[in-house]
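Below is one structure, written out as structure tokens, with a few remarks after it.
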Amino acid sequence: MIELVSESRCIKCNICVNICPTNVFDRVPDAPPTIARQSDCQTCYMCELYCPVDALYVAPESDMQTSVNEAELAEVGLLGSYRENIGWGHKRTSTAKADQTFQILKQMK
Amino acid sequence: MLKTLTTDFELDLEADVLVIGGGPAGTWAAWSAASSGARVILVDKGYCGTTGCAAASGNGVWYVPPDPEARETAKASRESLGGFLSDRNWMDRVLNQTYTNVNQLAEWGYPFPTDDEGKPYRRSLQGPEYMRLMRRQIQRAGVKILDNSPALELLVDDDGAVAGATGVNRQTGTKWIVRSQSTIIATGGCAFLSKALGCNVLTGDGYLMAAEAGAEMSGMEFSNAYGISPAFSSVTKTLFYNWATFTYEDGTIIPGASSHRRSVIAQTLLQQPVYAIIDKAAESMRASMRLAQPNFFLPFDRAGIDPFTQRFPVTLRLEGTVRGTGGIRIVDESCASSVRGLYAAGDAATRELICGGFTGGGSHNAAWAISSGYWSGKSAAEYTRSLGEHKTQRQVKGVGEVGLQSGSARTLATNEIIQAVQAEVFPYEKNYFRTEQGLTESLGRLNHLWQELRNSQVTSEKELPRVREAAAMVATARWMYSSAIERKETRGMHKHLDYPELDANQQHHLISGGLDHVWVKSQPLNSKEKSESKIGALV
């Protein structure tokens, strides 16, 4: 579930509020959005992909809350890691071009 | 009674074609309708581009070049798995249309990879990229998009033809009405808020709205698809479990368990935890796997697990009719429902036509969304043109019931109703392994839940979208289990423990419908004639 909206990274663009398919966030005037309905989070990671500044973190546990530490997440490179993996963001190229599904299906029994 | 919901609209719009749902099927529908010259509005409960199960995933596509031998293999491969309920004519149509439209995606700039012979490879789509592109394309085609705007009920005219919908913006509270000459339901299937990847927006809303307007369902007994995921996670991507070993807690191998034989996994999970390890993937393939499905590795990387060398607990999450094949009945090649002016596409429509009673996995589902979306958009635009000039003069009324009509003064306990319906459809012993007794008992409780919804009152407008979701889930479960009771055999994904064999006399479709009074009828393959009603479960 979504566990973090980083105060220091967030630029208050509210893109996450707009694009979350299950309406988890609420916008707040002059402040980062709040996680208003955490239990509605479906752990789809779409908010992370659309966040232009890697300010969000979705923990892998989908049925329970966990505590996260922003500094540690940043240090191990997990803030924005999925966005990096799919090649979204400034000066990156979509990794869809590198999709190797054909290699995998070749080896399917 | 919140009568203002159906009378007082801040946003009053007109369209030739209204598309409800912004996933692959909805966006293809909107694009083809707009390309045919129609004025199109697309509304989505979430955000068109991120909503639905395709956006969050890697998607295989049933993309087969027009080579007779390859096409024959593609058609034959799943006929037996689907219990021989599919239709070769529809398969041909879908294969042709999907081939054309996927090539169109390449022209629009989707970055398809090339294979090791340097040829373009177009059988796989990365969901976020695909759906971001679709949103851009429909905007270019002039489609007006209302995001975060769940539709709550359909409108019909004096002749009973569907004439648009009403809804609310769930963030601003703005109430909207779209008056349209034709309407396409592309709201996806129903996974009952199971948190299977990207599936929580899929709560059967379109089925409920369509049924209230008089539409029928087909194949609702084929609704018990479960996806494998790490026990802690939402990521139900099953492809790589082809290279997994499944074990008990003590590390011994579970006999017969595999990604293809999920029933063994389900059986075991009824007694004890099941573990998996992707240890059959050769070293050289592991990098390819990461490049093919980055999202598969996300929960592992974040939980500090190496799935190739470390065992991890797995579970099966219900994907219901999202990967099942049931949905709104399609009456002809235009993807029309049985109600005039109403069309259905993607997971919201029955997929039996190409899959029979067994999910095609991502690839057939993606192909069906593309082609049924394309056809429904084109047909809806043509239908609108055929209505001519007097079309805007119609008197319309909303036909939504639960939550939109007054019940008694009793307040709805929506969350309790949702948990109660989940308790009937999640458990493997009820839905995966079906029995006459189990289905009958579940149906009794589901009928009671429906009655409770009917007799209660919504107290705040904010609550309404969730109440409608709850009602849609209860209605869906009742069509599912009423159909499942009627199919006294094991066919496709419908496993009936009391009737473990396929019965040649039951090679027919089961059509269902109704709200307070749920009914099921059998219908011979390739026929529009219906046999007489067999069961009627009056609440």
Side-chain angles (χ1 to χ4, degrees), chain A residues 1 3 14-27 36-37 39-50 57-64 66 68 73 76-79 81-88 93-109, chain B residues 44-47 49-52 55-56 58 60 110-116 121 123-126 128-130 132 147-148 170-171 193 195-201 229-230 232-235 239-240 242-243 281-282 284-285 287-295 297-303:
Chain A
M1 291 196 288
E3 295 291 353
N14 288 313
I15 289 175
C16 57
V17 181
N18 269 335
I19 69 91
C20 171
T22 57
N23 198 31
V24 162
F25 304 96
D26 271 348
R27 69 187 75 219
R37 288 162 293 275
S39 62
D40 285 347
C41 174
Q42 60 170 349
T43 317
C44 68
Y45 305 96
M46 295 303 302
C47 57
E48 276 194 35
L49 295 185
Y50 276 77
Y57 182 74
V58 179
E61 291 81 7
S62 57
D63 297 310
M64 53 180 262
T66 49
V68 297
L73 291 173
V76 295
L78 286 181
L79 282 186
S81 65
Y82 186 30
R83 188 171 164 81
E84 188 181 354
N85 285 340
I86 71 155
W88 277 21
T93 314
S94 166
T95 58
K97 192 106 199 134
D99 181 348
Q100 294 201 357
T101 299
F102 63 91
Q103 294 284 18
I104 289 151
L105 294 184
K106 255 200 309 203
Q107 295 184 49
M108 280 274 280
K109 288 153 278 184
Chain B
D44 193 284
K45 176 160 72 176
Y47 175 85
T50 65
T51 197
Y110 180 89
F112 283 107
T114 45
D115 65 15
D116 39 10
Y121 185 82
R123 296 177 63 174
S124 171
L125 289 163
Q126 306 273 358
E129 193 70 34
Y130 171 31
R132 185 169 67 168
D147 295 307
N148 291 303
R170 63 185 183 178
Q171 295 184 338
L193 298 173
K195 293 202 175 183
L197 189 62
C199 284
N200 269 26
V201 288
S229 83
F232 56 87
S233 152
S234 62
V235 180
L239 177 65
F240 295 164
N242 198 50
W243 288 273
S284 60
M285 219 175 87
S288 298
M289 284 176 155
R290 280 193 177 269
L291 290 169
Q293 291 197 356
N295 67 0
F297 294 94
L298 198 58
F300 296 116
D301 291 346
R302 293 184 176 192

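Below, read A as the first sequence line, B as the second, and so on, with proteins coming before strands; counting in each chain starts at 1.
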Taking [X] for the side chain and [Y] for the main chain, is one N or O donor matched with an acceptor at less than 3.5 Å?
X        : Y        : answer
A:Gln42  : B:Cys199 : yes
A:Arg37  : A:Thr22  : no
B:Lys195 : A:Cys41  : yes
B:Ser233 : A:Pro60  : no

Part of [X] within contact of chain B (heavy atom distance under 4.5 Å):
X       : value
A:Cys47 : neither
A:Glu48 : side chain
A:Met1  : side chain
A:Tyr82 : both
A:Val17 : both
A:Thr66 : neither
A:Leu49 : side chain

Looking at [options], which one has more heavy-atom pairs under 4.5 Å with chain A than the rest?
options                                : result
B:Gln293, B:Arg290, B:Gln171           : B:Gln171
B:Val201, B:Leu298, B:Asp301, B:Thr114 : B:Leu298
B:Asn295, B:Asp147, B:Leu197           : B:Asn295
B:Asn200, B:Asp44, B:Asp115, B:Thr50   : B:Thr50
B:Gly46, B:Ala281, B:Ser234            : B:Ser234
B:Ala287, B:Pro230, B:Pro128           : B:Pro128

Do the non-hydrogen side-chain atoms of [X] and [Y] ever get within less than 4.5 Å of each other?
X        : Y        : answer
B:Pro294 : B:Gln126 : yes
A:Leu105 : B:Tyr121 : yes
B:Lys45  : B:Thr51  : no
B:Phe112 : B:Leu125 : yes

> Heavy-atom distance under 4.5 Å to chain A: side chain of B:Tyr130, backbone, both or neither?
Replying inline: neither
>> Heavy-atom cut-off 4.5 Å, strictly under: side chain, backbone, both or neither for B:Phe240 against chain A?
In response: side chain
>> Can you confirm whether or not the ring centre of A:Trp88 sits under 6.0 Å from the ring centre of A:Tyr50?
In response: yes
>> Could you work out, with side-chain hydrogen bond (donor to acceptor under 3.5 Å, both in side chains) as the rule, every residue matching B:Arg170, not counting sequence neighbours?
In response: B:Asn148
